[in-house]
Every structure is written in C-alpha cells, then in structure tokens.
Colleague: 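Before I ask anything, here is the structure I am working with.
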Amino acid sequence: MKIRAVTGVKDILPEEIWKWRFIEEVSRKTLEEYGFAEIRVPLFEYTELFLRSIGQTSDIVEKEMYTFEDSKGVNISLRPEGTAGVVRACIEHNLISAPSMEKFYYMGAMFRHERPQKGRYRQFFQIGAEAFGSEGPQVDAEIISMLHLLMDRLGIRDTVIEINSLGCSACRPEYRKALKDFLGTKLDLLCSDCRRRYEVNPLRVLDCKNPACKDAAVNAPQGMTCLCGSCMTHFESVKEFLTELGVPFKFNGRLVRGLDYYTRTTFEITTDKLGAQNAVAAGGRYDGLVEDLGGTSIPGIGFALGMERMAALLPEEMQRPNRIDIYLAPLGAEARRRALLLLHGLRSRGIRAESEYQERSLKSQMRQADKIGAAFAGILGENELARGVLLLRDMQSKVQTEVPLDQAVEKVWEQILKVHT
RNA sequence: GUGAGUGUAGCUCAAUGGUUAGAGCACUGGACUGUGGCUCCAGGGGUUGGGGGUUCAAGUCCCCUCACUCACCCCA
C-alpha cells in the first residue's frame with residue numbers, strides 16, 4: 001500500500017501555515033483582552049463524557065465519534081468538540097464556583113468521522129471559549145460582540161450573525177410539545193429524515209433544507225412564542241445590548257444547534273462563501289451542563305470557530321510574510337567558510353538569515369534570494385573578502401552598500417530596522 | 001451511510017484504440033564566466049492511482065478496487 005495521509009485529514013504546509021498563525025495570534029490577543037485564560041485539555045476522554053454532554057441522540061455521538069477501546073478495554077473517544085473536556089477539567093480541578101466569573105479558551109484539533117467535503121475534515125482545528133458563572137445577558141452580548149470584533153480584526157467580511165433562544169428547562173419542553181403537535185398533522189409531507197427527527201428531536205425539522213419540509217414547517221410555532229417570562233426577558237436584553245454595542249445581528253427562529261446541551265441564547269456566524277458548510281463560528285448558553293456532568297449548578301456560555309473555514313475566508317490580498325531578512329551569497333570556498341561565521345552572528349542577534357552551502361553561481365544565488373523573499377542579499381566574493389567587506393544589497397531598491405565585515409551584524413541590523421519602519 | 005464527477009510529470013492540463021505519452025508553470029544550467037523579477041535556449045523529472053479483461057495493439061473500451069472532489073446528511 002502506498003503511504004499517504006488518512007482519508008479526511010490534511011497537512012497544513014509551510015506556504016499556508018501563516019494563515020493559521022495569524023488567526024491564532026489575533027484570537028489569543030482578543031480573547032485575553034476579554035479576560036479569557038488559555039487551557040489545554042486532552043485530545044481524548046472517556047467516551048462517557050461525550051455521551052453525557054453532547055447527547056446520546058445527537059448525530060455526533062450516534063455516528064461521528066472516533067471511539068475505541070484501549071489495550072485494557074477502557075472505552076475512549078477522540079474529542080469531537082471542545083466544551084465537554086473543558087467543563088470536565090473545570091469540575092475536576094475546582095476552577096469554577098457559583099457567583100464568580102471564570103473564562104477559558106482553547107485551540108486545537110477535533111475529530112469527527114464524517115464524509116469529507118469542502119470545509120469539512122475528519123481532523124479540524126477549532127478555537128473555542130467558555131465563560132462560567134453568570135447567567136446575565138451581558139455575558140451573551142459580550143461574547144457575541146467579541147466574535148464580531150475578532151472577525152473584523154481578521155479582515156473577514158461578508159458574514160452574518162444569527163441568534164435565537166432555545167428556552168430553558170422550564171419552557172423548552174412546552175415548546176417541543178407545541179411543535180410536535182403541529183408537525184404531527186404534517187407527517188406525510190416530511191422527508192424520511194424529518195419523520196425520524198420528529199420522534200427524536202423535533203426542533204431539527206425546522207433546520208431541514210428539503211423544500212417540502214420547509215413548506216410544511218412554514219407556519220410552525222416559533223420558539224419565541226413559547227419562551228417563559230425570564231427567558232423572554234433574557235433574550236430581549238441580549239438583543240438590546242448587542243444593539244447598544246453596535247453589533248449587527250439577525251434573529252433566526254429556526255436556528256437549532258446540533259448539541260443537546262444548549263439552552264437559551266444560541267448564535268451562529270455564517271457565510272455564503274464556503275459552499276455547503278456555511279457556519280464559521282457557533283455557540284450558545286449551556287446553563288445545565290456543569291450540573292449534568294456532576295458539578296454544582298453553574299451557568300455557562302461558549303462558542304467555537306473553525307480555523308480551516310476562517311483561513312479560507314481571509315482576504316485574498318493578504319500575503320505570506322517574508323521569512324528571511326538576509327540571504328548570504330558567498331562565492332568560493334573561503335567565502336563560504338566566512339559566511340558560516342557571519343550567519344551565526346546574524347542569527348544570534350535575532351536576524352533571520354539564510355545562505356547557500358554549495359558552490360553556485362551568483363546569478364542562481366540571487367535568484368534564490370529573490371525567491372524566498374529576502375529583504376537583503378549579502379554578497380561575499382573574493383573581492384569583498386580581500387577588502388574585508390560585505391556587499392549589502394537592498395533587494396527592493398537595488399541600492400548596494402559596502403559594510404566592514406567585522407561590523408556586518410550591527411550594520412545589517414540597522415538596515416533591517418530602517419526597512420521595517 | 002447515500003449520490004454524482006474526476007484520477008496522466010511537483011502543480012494545471014493535452015494526447016481519433018496505433019511510433020519512444022506531450023505542453024505551460026515550477027525546478028536546474030546557460031545566453032549574461034560577479035547580480036534577482038522580463039526574454040530566449042537546453043536539461044532532469046512518468047509503473048498514465050492499482051488489479052483484471054477485450055484487442056494484433058489500451059492513457060483511451062469493459063469490470064473490480066482504491067483515492068480525491070462536490071453534494072446529501074450533519075456541522076466549526
């Protein structure tokens with residue numbers, strides 16, 4: 001068998017990795033401005049954790065988890081999402097307690113055994129954040145507005161923020177019943193998937209893309225009309241705060257999340273530029289999850305964003321940054337020996353320097369300097385060697401200056417500073 | 001899990017069933033023997049995804065298989 005990467009996973013090559021780093025850097029900065037602290041939790045957990053958090057009947061658990069037994073027969077799963085592990089760690093290490101706010105963020109790989117397609121992989125990277133300790137609508141608005149700011153900083157436009165409220169443990173069952181009563185009269189109009197959903201999770205019928213189902217559900221009761229008083233007030237406040245913060249959003253009464261733990265506010269940032277996978281970030285409140293997993297009753301809210309999808313949406317005009325400051329082009333064995341020392345000096349000073357190690361024409365070395373995008377070329381031939389100088393060429397302006405070899409490191413440093421400012 | 005499309009050089013793609021499977025880009029060298037991007041010339045690079053079949057002859061037709069892509073489903 002030919003050796004290759006496993007189906008549905010991909011290598012992120014050097015020519016593209018700058019996008020990931022850019023997204024990570026901007027996200028880190030933004031999250032930390034909002035008071036989130038990084039946490040790293042394992043890539044795998046006992047399967048039971050996901051069964052209890054995400055929900056037995058969710059598609060993720062039913063058919064998308066990488067589940068296996070280790071050599072001792074312990075049932076393990078690769079994490080399909082990040083929230084469950086973070087909540088587990090918080091409970092285990094007593095990181096959260098009732099009234100005080102605690103905020104965490106993470107970035108890393110998630111695994112789902114789905115059929116790969118555009119924007120969907122079996123190993124994919126998410127950046128996620130979770131805020132515990134407050135059920136106040138300010139937190140909801142803050143998280144959504146933070147995402148809005150983050151998208152803006154990344155230069156990603158053409159996305160829409162959609163929000164909805166799913167109600168709480170008091171009013172959701174009522175809505176579910178109302179919806180079931182309504183859909184019960186339309187069963188023969190629904191697709192086979194939706195007839196199954198009707199039994200297991202009727203809310204998801206609203207999410208079906210099948211035109212017949214959309215028609216059948218057009219007059220379905222909206223979740224909003226069934227919200228209890230406190231959920232209604234909460235949702236109204238979230239919308240008010242968002243408006244005050246200047247965050248544009250769209251109410252979408254059909255926005256249903258695929259994970260069972262969500263309550264009250266849910267939101268999604270969508271785009272039409274990614275084919276069938278339109279969600280770039282999504283999240284919501286999960287006021288019951290901590291308790292469900294064995295902690296005390298602590299409300300929480302969080303989101304996750306898809307790095308591959310973000311990377312695909314970065315503005316096309318963004319360029320891969322230069323990775324080398326100076327390329328040394330030595331001519332002859334003696335010059336190459338001297339270049340080795342100079343390289344060491346430059347690099348020790350924090351200058352990104354590269355060189356050719358074999359005998360090659362100056363022409364080809366200059367071509368190489370150009371190809372890797374070096375800001376400067378340093379030419380060191382017999383001529384220069386004899387006079388103890390380095391010929392420094394600014395690749396953009398083509399201006400060449402000679403600097404004394406024994407001061408080369410400092411001179412190069414000065415020139416680079418000039419270019420960078 | 002279901003459906004459709006596509007597999008030929010590192011990449012993008014040509015090649016009526018018929019000679020030794022080509023081109024552009026990329027790479028290397030040269031024209032310019034010490035100066036990058038443009039131009040021109042030359043060179044290296046292939047188990048035509050894999051296996052079987054039909055045929056005098058298969059990259060081309062048939063079957064199987066694998067992979068990729070897109071979509072359904074679902075989601076970040």
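Chain naming here is simple, since letters A, B, ... match the order of the sequence lines and numbering starts at 1 in each.
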Colleague: Can you tell me, in whole Å, how much space there is between the P of B:A71 and that of B:G30?
Modeller: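 Result for the P pair: 48 Å, nearest Å.
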Colleague: Would you mind reading off the distance between A:L313 atom CG and B:A76 atom P, rounded to a whole angstrom?
Modeller: 16 Å
Colleague: I'd like to check A:I144 versus A:F249 (side-chain heavy atoms, cut-off strictly below 4.5 Å). Are they in contact?
Modeller: no
Colleague: Any Lys/Arg nitrogen of A:E25 or A:K29 sitting under 4.0 Å from an Asp/Glu carboxylate oxygen of the other?
Modeller: no
Colleague: Check A:E174 with A:R176, please: is the shortest side-chain N to carboxylate O separation under 4.0 Å?
Modeller: no
Colleague: Taking atom P in both B:A42 and B:A23, what distance in whole Å separates the two?
Modeller: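 The answer is 10 Å between these two P atoms.
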Colleague: Suppose we screen for side chain to side chain contact (heavy atoms under 4.5 Å, CB included). Which residues come up paired with A:F182, at least two apart in sequence or across chains?
Modeller: A:K186, A:N219, A:A220, A:P221
Colleague: Just grab all the ring-ring contact (aromatic ring centres under 6.0 Å, His included) pairs involving residues 255-276 of chain A, residues at least two apart or on different chains.
Modeller: A:Y261-A:Y286
Colleague: Using a 3.5 Å distance criterion without hydrogens, assess whether the side chain of A:E81 forms a donor-acceptor pair with backbone atoms of A:A84.
Modeller: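 Yes, because the side chain of A:E81 sits within donor-acceptor range (under 3.5 Å) of the backbone of A:A84.
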Colleague: Starting from C1' on B:C70, measure out to CG on A:L274 and report it in whole angstrom.
Modeller: 13 Å
Colleague: Please give the distance between the C1' atoms of B:A4 and B:G43 as a whole number of Å.
Modeller: 43 Å
Colleague: Stems in RNA chain B: runs of 3 or more consecutive Watson-Crick or G-U pairs, distances under 3.5 Å?
Modeller: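 Stem list for RNA chain B: B:1-7 with B:66-72, B:10-13 with B:22-25, B:27-31 with B:39-43, B:49-53 with B:61-65.
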Colleague: Taking N or O atoms only and anything under 3.5 Å, show me the protein contacts with nucleotides 1-4 of chain B, one pair per line.
Modeller:
from : atom 1 : to     : atom 2 : distance (Å)
B:U2 : O4     : A:R115 : NH1    : 2.5

Colleague: Using the P atom as the reference point in each nucleotide, state the distance between B:U8 and B:U12 in Å, no decimals.
Modeller: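 Between the two P atoms, the distance is 8 Å.
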Colleague: Would you mind listing every salt bridge (Lys or Arg N to Asp or Glu O under 4.0 Å) that reaches into residues 128-149 of chain A, with sequence neighbours excluded?
Modeller: A:K103-A:E142, A:D140-A:R285
Colleague: Under the rule for side chain to side chain donor-acceptor pair (under 3.5 Å), what residues qualify as partners of A:Y34, not counting sequence neighbours?
Modeller: none
Colleague: Rounding to an integer number of Å, can you tell me how far A:I372 CD1 sits from B:A26 P?
Modeller: 17 Å
Colleague: Check this for me: does the side-chain of A:Q117 come within 3.5 Å of the base of B:C68 through a donor and an acceptor?
Modeller: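 Counting by modelled atom types and ignoring angles, no donor-acceptor contact under 3.5 Å is found here.
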Colleague: When we call it a touch if two heavy atoms are under 4.0 Å apart, what does A:S58 touch: a base, just sugar-phosphate, or nothing?
Modeller: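 No contact.
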Colleague: Please tell me if A:Q277 has a side-chain N or O lying less than 4.0 Å from either OP1 or OP2 of B:C75.
Modeller: no
Colleague: Starting at the 5' end of RNA chain B, which residue's closest nucleotide do you reach first, A:T7 or A:Y262?
Modeller: A:T7
Colleague: Please state how far atom CG in A:L305 lies from atom C1' in B:C75, giving the value in whole angstrom units.
Modeller: 14 Å
Colleague: Got a salt bridge between A:D292 and A:R52, using NZ or NE/NH1/NH2 to carboxylate O under 4.0 Å?
Modeller: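 Looking at A:R52 together with A:D292, the answer is no, because their closest N to O distance does not fall below 4.0 Å.
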Colleague: Considering only the C1' atoms, how many Å lie between B:G45 and B:C27, rounded to the nearest integer?
Modeller: 9 Å
Colleague: Which residues pass the side chain to side chain contact (heavy atoms under 4.5 Å, CB included) test with A:E291, not counting sequence neighbours?
Modeller: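 With neighbours one apart ignored, the set is A:S297.
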Colleague: Could you list all the salt bridge (Lys or Arg N to Asp or Glu O under 4.0 Å) pairs where at least one residue sits in residues 308-326 of chain A, not counting sequence neighbours?
Modeller: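 Every pair satisfying salt bridge (Lys or Arg N to Asp or Glu O under 4.0 Å) with a residue in residues 308-326 of chain A: A:D325-A:R352.
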Colleague: Would you sort out whether A:R347 and A:E354 count as a salt bridge (Lys or Arg N to Asp or Glu O under 4.0 Å), showing the intermediate values?
Modeller: CA-CA 9 Å; A:R347 290 162 173 168; A:E354 184 54 283; 3.7 Å; yes
Colleague: What pairs of residues pass the ring-ring contact (aromatic ring centres under 6.0 Å, His included) test when at least one of them lies in residues 374-417 of chain A, not counting sequence neighbours?
Modeller: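 Qualifying pairs, neighbours excluded: none.
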Colleague: Give one of base, sugar-phosphate or nothing for A:G128, where a contact means two heavy atoms less than 4.0 Å apart.
Modeller: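 No contact at all - A:G128 keeps every heavy atom at 4.0 Å or more from the nucleic acid.
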Colleague: For residues 330-340 of chain A, which residue pairs pass the salt bridge (Lys or Arg N to Asp or Glu O under 4.0 Å) check, not counting sequence neighbours?
Modeller: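 For residues 330-340 of chain A: A:E334-A:R337, A:R336-A:E359.
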Colleague: Between the base of B:C75 and the side chain of A:N278, is one N or O donor paired with an acceptor at under 3.5 angstrom?
Modeller: yes
Colleague: Find the distance A:M110:CE to B:C75:C1' and express it as a whole number of Å.
Modeller: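 These atoms are roughly 14 Å apart.
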Colleague: Could you identify which residues of residues 406-415 of chain A place a heavy atom less than 4.0 Å from some atom of RNA chain B, listed by residue number, or say none?
Modeller: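 The answer is none.
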Colleague: Taking the C1' atom of each, how far is B:G44 from B:U28, in whole Å?
Modeller: 7 Å
Colleague: Which part of the nucleic acid, if any, lies within contact of A:Y327, taking any heavy atom under 4.0 Å across all strands shown: a base, the sugar-phosphate backbone alone, or nothing?
Modeller: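 If one applies the 4.0 Å heavy-atom cut-off, A:Y327 turns out to touch nothing in the nucleic acid.
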Colleague: Tell me which nucleotide among B:C72, B:A67, B:A76 gets nearest to the side chain of A:R4.
Modeller: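 Side chain of A:R4 sits closest to B:A67.
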Colleague: Could you work out the separation of B:A58 and B:A15 based on their C1' atoms and round it to a whole Å?
Modeller: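 Each nucleotide's C1' atom is 13 Å from the other's.
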Colleague: Would you indicate what A:G373 reaches in the nucleic acid, counting non-hydrogen atoms under 4.0 angstrom: base, sugar-phosphate, or nothing?
Modeller: nothing
Colleague: Distances under 3.5 Å between protein N/O atoms and the N/O atoms of nucleotides 28-36 of chain B, please, pair by pair.
Modeller:
from  : atom 1 : to     : atom 2 : distance (Å)
B:G29 : OP1    : A:R360 : NE     : 3.0
B:G29 : OP1    : A:R360 : NH2    : 3.2
B:G29 : OP2    : A:R360 : NH2    : 3.2
B:G34 : O6     : A:E382 : N      : 3.4
B:G34 : O6     : A:N383 : N      : 3.0
B:G34 : N1     : A:E384 : OE1    : 2.8
B:G34 : N1     : A:E384 : OE2    : 3.1
B:G34 : N2     : A:E384 : OE2    : 2.7
B:U35 : O2     : A:R393 : NH1    : 3.3
B:U35 : O2     : A:Q400 : OE1    : 3.1
B:U35 : N3     : A:Q400 : OE1    : 2.9
B:U35 : O4     : A:Q400 : NE2    : 3.4
B:G36 : OP1    : A:K363 : NZ     : 3.4
B:G36 : O2'    : A:D370 : OD2    : 3.2
B:G36 : N7     : A:R393 : NH2    : 2.9
B:G36 : O6     : A:R393 : NH2    : 2.9
B:G36 : O6     : A:M395 : O      : 3.1
B:G36 : N1     : A:M395 : O      : 2.3
B:G36 : N2     : A:D370 : OD1    : 2.9
B:G36 : N2     : A:M395 : O      : 3.3
B:G36 : N3     : A:D370 : OD1    : 3.1

Colleague: In whole angstroms, how far is the P atom of B:A76 from the CZ atom of A:F111?
Modeller: 16 Å
